[in-house]
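Encoded as structure tokens, the structure appears first; notes follow it.
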Amino acid sequence: MRTLVLAEHHEGRLAAGTAHVVAAARAIGGEVDVLIAGENVAGVAEAAARLDGVSRVRVADNAAYAHQLAEPLADLLVQLAEDYSQVLAAASTDGKNVLPRVAALKDVSQISEILSVESADTFKRPIYAGNAIATVQSSDSLKVITVRTTAFDAVGESGTATIEALAFVADSDLSRFIGEELAHNERPELSGARVVISGGRGMGNGDNFKLLNGIADKLGAAVGASRAAVDAGYVPNDMQVGQTGKIVAPDLYIAVGISGAIQHLAGMKDSKVIVAINKDDDAPIFQVADYGLVGDLFEILPELEQKL
Amino acid sequence: MKVLVAVKRVIDYNVKIRVKPDHSDVDLTNVKMAMNPFCEIAVEEAVRLKEKGVATEIVAVTVGPKAAQEQLRTALALGADRAIHVETDAHVESLAVAKLLKGVVDEERPDLVILGKQAIDTDNNQTGQMLAALTGMGQGTFASEIAFGDGVEEGQVRVTREIDGGLQSIALKLPAVVTTDLRLNEPRYAKLPDIMKAKKKPLETTTPEALGVAVTGGLTLLKVETPAERKGGVKVGSVDELVDKLKNEAKVL
Ligand SMILES: Cc1cc2nc3c(=O)[nH]c(=O)nc-3n(C[C@H](O)[C@H](O)[C@H](O)COP(=O)(O)OP(=O)(O)OC[C@H]3O[C@@H](n4cnc5c(N)ncnc54)[C@H](O)[C@@H]3O)c2cc1C
Ligand SMILES: Nc1ncnc2c1ncn2[C@@H]1O[C@H](COP(=O)(O)O)[C@@H](O)[C@H]1O
């Protein structure tokens, strides 16, 4: 039994999520290989080779994979899949984009966003915005799975896997990369951060998010948002936490001016400690908060920043 | 240009779900059902493309039980021209839905297929990608903008995608599959006269057998559980008390 993990990387760096996906692969058992597909990815391959439990890092270094477009990447994975009983990737936008395509091309089901490995063919996954947990068993000979990275502890980095180059697999003319607008900031990534502070519609406008930034700087936190705050244009889409945004599970989650809709809770209720700041005493967010503070965020946030 | 839109009947997004006492599944008896929110966005986008003169015909399709015709009627009221119901009472996995939709695509030959990015019941986020694979089309998932002309060649569509790092823009050869994200548009509500008119729009019914697709899949649902309930904690009276609790009780600062 062998598992292929599709690594994720951005701008020459291995994404933190990959070490969590390798952990899921190890929970399944058998040998674990990692695939790095991209352009100029030698450094990424070296980082992946250090992940504990990885036997081989297979590298497809070609411009065709530079932007992780689903069509060429799926063709590559389909060809490699012959050697594997599982193909895994993070349940990130990259993983969700390509793995279902691979599954369909191999005529097998895809299992989305697993939370645990019960046995080599049985997995738990959230359904209905995490309000129910399904246990599913797969009878497919190839299992194509995306992994909720926050549900698996990252493997260590003392490994010494071998690195091998792969022959090029055909390009695809179905899609073409035009450009991207990526958020750049000094803060930790949302899905891996130890502390997350998120703002909702209650923030009133985008400028007011600087009230959160000050606190985030002091705590080394990532800054997130509710859908309402993103829809209103306060902050960009990559900050949305929730059922259809990012899933976070930090040690500390601070929800500010967020009511606590189930779609938002779906993205953060596995946080260890939840703090809610809201002026509405009855806001549903207080039902999941360990510590609730009722009051006006515009008074509370400056005081909190000062007292930290 | 012909646009095919796939819509799914799901539990209304406001409903709090219950797990059946025997843990076999979620209990859907007497629960309010609705069109999947991402499918509403898909229908709205198709209607806007028609209003702009880009689309000439909109065909809505669903796979599901008889009752799913309600969602097709909603799509018709919102502006779809006709509807196709692939009727089945079976539990149909995303791969089988994608195969059924491929059957419809082969007959209808649309230039663009729009699906939701995710059904809010299974939270699968698979069907569009699978349909693209099966039909050999390119895919633009998690779209926040769909544009024609505007910097891309004739016969292509430009899709802006919501990705984890921000936004990505790609060009796809037509025909193509696009799946919708939340920011693509804000769906309108159906007006009463349109709801009345929708009753007279054509709705054709077919079956998995007629499309030659077996709806069995590789997955078995063994059990459905309610997740561990999170206990509400305490309300603190001041910022000082909050900081103190976080430092000394929760020990997260
Ligand atoms: C298909 C679908 C997918 C969705 N996916 C997501 C998702 O991934 N993530 C997500 O977050 N949502 C998602 N939603 C939206 C979700 O249902 C809610 O609409 C959204 O989470 C509400 O955001 P909010 O709490 O910021 O706004 P509101 O519900 O408007 O709450 C604002 C809160 O701010 C408080 N407030 C206002 N002013 C102040 C002040 N001065 N001081 C203190 N408190 C104040 C108010 O008391 C209120 O509780 C989704 C919805 C659908 C239909
Ligand atoms: N039974 C169905 N009938 C029609 N469309 C569907 C069905 N299931 C899924 N889809 C489409 O695929 C999208 C994504 O669903 P899923 O991959 O199941 O999360 C939905 O938003 C629909 O557009």
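Predicted, not measured: the structure shown is a model, and the values here were computed from it. In what follows, chains are A, B, ... by sequence order, proteins preceding strands, each numbered from 1.
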Side-chain donor-acceptor contact under 3.5 Å, [X] with [Y]:
{"X": "Glu93(B)", "Y": "Ser109(A)", "value": "yes"}
{"X": "Gln263(A)", "Y": "Arg227(A)", "value": "no"}
{"X": "Ser112(A)", "Y": "Asn125(B)", "value": "no"}
{"X": "Glu118(A)", "Y": "Ser116(A)", "value": "yes"}

Please classify the contact between [X] and chain A as side chain, backbone, both or neither, with a heavy-atom cut-off of under 4.5 Å.
{"X": "Val19(B)", "value": "side chain"}
{"X": "Ser144(B)", "value": "neither"}
{"X": "Glu162(B)", "value": "both"}
{"X": "Glu241(B)", "value": "neither"}
{"X": "Leu253(B)", "value": "side chain"}
{"X": "Leu131(B)", "value": "neither"}
{"X": "Leu167(B)", "value": "both"}
{"X": "Val252(B)", "value": "both"}
{"X": "Leu219(B)", "value": "both"}
{"X": "Ala171(B)", "value": "both"}
{"X": "Ser94(B)", "value": "neither"}
{"X": "Glu225(B)", "value": "both"}
{"X": "Lys117(B)", "value": "side chain"}
{"X": "Val26(B)", "value": "side chain"}

Just how far is it from atom NZ of Lys124(A) to atom CZ of Arg148(A), taken to the nearest 0.5 Å?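 Taking NZ in Lys124(A) and CZ in Arg148(A), the distance rounds to 14.0 Å.
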
Between the side chains of Asp140(A) and Lys106(A), is the shortest nitrogen-to-carboxylate-oxygen separation below 4.0 Å, so that they form an ion pair?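 The answer is no: the pair does not qualify as a salt bridge.
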
Can Lys245(B) and Asp290(A) be counted as an ion pair, charged N to O under 4.0 angstrom?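 Judged by the 4.0 Å cut-off on N to carboxylate O distance, Lys245(B) and Asp290(A) do not form a salt bridge.
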
What I'd like to find out is whether the side chain of Val152(B) reaches to under 4.5 Å of the side chain of Val157(B), using heavy atoms alone.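 Counting from C-beta outward, Val152(B) and Val157(B) never come under 4.5 Å.
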
Within-4.5 Å side-chain heavy-atom neighbours: Glu44(B) and Arg188(B):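 When only atoms from C-beta onward are counted, Arg188(B) and Glu44(B) do touch, with a gap below 4.5 Å.
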
Engaged part of [X] at the chain B interface, taking heavy atoms whose separation is under 4.5 Å:
{"X": "Leu219(A)", "value": "side chain"}
{"X": "Val108(A)", "value": "backbone"}
{"X": "Lys96(A)", "value": "both"}

List the steps, then state whether side-chain hydrogen bond (donor to acceptor under 3.5 Å, both in side chains) holds for Glu180(A) with Ser169(B). CA-CA 6 Å; Glu180(A) 54 195 5; Ser169(B) 178; over 6 Å; no

Mind ranking [options] by heavy-atom pairs under 4.5 Å with chain B and telling me who comes out on top?
{"options": "Val102(A), Ile178(A), Asp238(A), Ile127(A)", "value": "Ile178(A)"}
{"options": "Leu99(A), Thr122(A), Val98(A), Asn131(A)", "value": "Asn131(A)"}
{"options": "Val136(A), Leu308(A), Ile133(A), Val275(A)", "value": "Ile133(A)"}
{"options": "Ala289(A), Pro236(A), Ala103(A), Pro250(A)", "value": "Ala289(A)"}
{"options": "Thr146(A), Leu293(A), Asp270(A), Leu105(A)", "value": "Leu293(A)"}
{"options": "Glu299(A), Lys143(A), Gln243(A), Gln287(A)", "value": "Gln243(A)"}

Would you call the rings of Phe177(A) and His67(A) parallel, tilted or perpendicular if under 30° counts as parallel and over 60° as perpendicular?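 The arrangement is parallel - the two ring planes meet at less than 30°.
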
With side-chain hydrogen bond (donor to acceptor under 3.5 Å, both in side chains) as the test, would you mind laying out the steps for Asp94(A) and Ser92(A) before giving the verdict? CA-CA 5 Å; Asp94(A) 280 352; Ser92(A) 58; 5.4 Å; no

Looking at [options], which makes the most heavy-atom pairs under 4.5 Å with chain A?
{"options": "Ile17(B), Asp181(B), Asn14(B)", "answer": "Ile17(B)"}
{"options": "Leu246(B), Leu134(B), Asp121(B)", "answer": "Asp121(B)"}
{"options": "Ile120(B), Asp164(B), Leu222(B)", "answer": "Asp164(B)"}
{"options": "Arg161(B), Gln156(B), His23(B), Arg18(B)", "answer": "Arg161(B)"}
{"options": "Val243(B), Thr160(B), Val224(B)", "answer": "Val224(B)"}
{"options": "Val234(B), Leu172(B), Val10(B)", "answer": "Val234(B)"}

Would you mind telling me which of Val63(B), Leu115(B), Leu95(B) makes a side-chain contact (heavy atoms from CB on, under 4.5 Å) with Thr127(B)?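 Of the listed residues Val63(B), Leu115(B), Leu95(B), the side-chain contact (heavy atoms from CB on, under 4.5 Å) partner of Thr127(B) is Leu115(B).
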
Worked check of side-chain hydrogen bond (donor to acceptor under 3.5 Å, both in side chains) between Gln240(A) and Arg183(B): CA-CA 11 Å; Gln240(A) 181 179 315; Arg183(B) 258 68 62 180; 2.7 Å; yes

Has Lys235(B) got its NZ or CZ under 6.0 Å from the middle of the six-membered ring of Phe286(A), at an angle within 45 degrees of the ring axis?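 Yes, cation above the ring, under 6.0 Å and within 45°.
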
Pair Lys20(B), Asp27(B) - check salt bridge (charged side-chain N to carboxylate O under 4.0 Å, His left out), show working. CA-CA 5 Å; Lys20(B) 287 183 182 170; Asp27(B) 194 350; 5.5 Å; no

Nearest non-hydrogen partners of Ile277(A) and Leu301(A), listed with the distance: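 Scanning both residues completely, I find the closest heavy atoms to be CD1-CD2, 4.4 Å.
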
